[in-house]
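We use all heavy atoms of the structure for the numbers below, so side chains are in, but hydrogens, waters and symmetry mates are not.
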Amino acid sequence: MTAIEATGNVDAEHHLRLDKPLPIAPGRVRVIVLVPESDDPSESDWAKAAAASPSFDFLKDASEDIYKVTDGKPFHDQR
């Protein structure tokens, strides 16, 4: 079985409406719906917490900055 993650909304008639079409042929599928709980932190809450966490303070040390802009090669997605 292949898993595809998609997002969407449940409308007033309790129908699931996806944000984008699925990249599969028409047919029967199995759906698992993950409903966020009201006390679940949002994505931005997680990002703010990570940015404020002292766990990453070591990255502010200049000795950790071992790469330069000129290192490596540019990546261009060919999709």
So, does Glu5 use its side chain to make a donor-acceptor pair with the main chain of Ala3 at under 3.5 Å? no

Residues clustered with [X], ILVMFWY side-chain links under 4.5 angstrom:
| X | value |
| --- | --- |
| Ile4 | Val10, Leu16, Leu18, Leu22, Ile24, Val29, Val31, Val33, Val35 |
| Phe58 | Phe56, Leu59 |
| Phe75 | none |

Side chains of residues 45-53: which donor-acceptor pairs under 3.5 Å do they make with residues two or more places apart or in other chains?
residue : atom : partner : partner atom : Å
Asp45   : OD2  : Ser42   : N            : 3.2
Asp45   : OD2  : Ser42   : OG           : 3.2
Ser53   : OG   : Ser55   : N            : 3.1
Ser53   : OG   : Ser55   : OG           : 3.0

Review item, side-chain donor-acceptor pairs of residues 63-74, under 3.5 Å, at least two apart:
residue : atom : partner : partner atom : Å
Ser63   : OG   : Asp61   : OD1          : 3.2
Ser63   : OG   : Asp61   : OD2          : 3.1
Asp71   : OD2  : Lys68   : N            : 2.7

Residue set satisfying salt bridge (charged side-chain N to carboxylate O under 4.0 Å, His left out) with Arg17, at least two apart, ordered chain then number -> Asp11

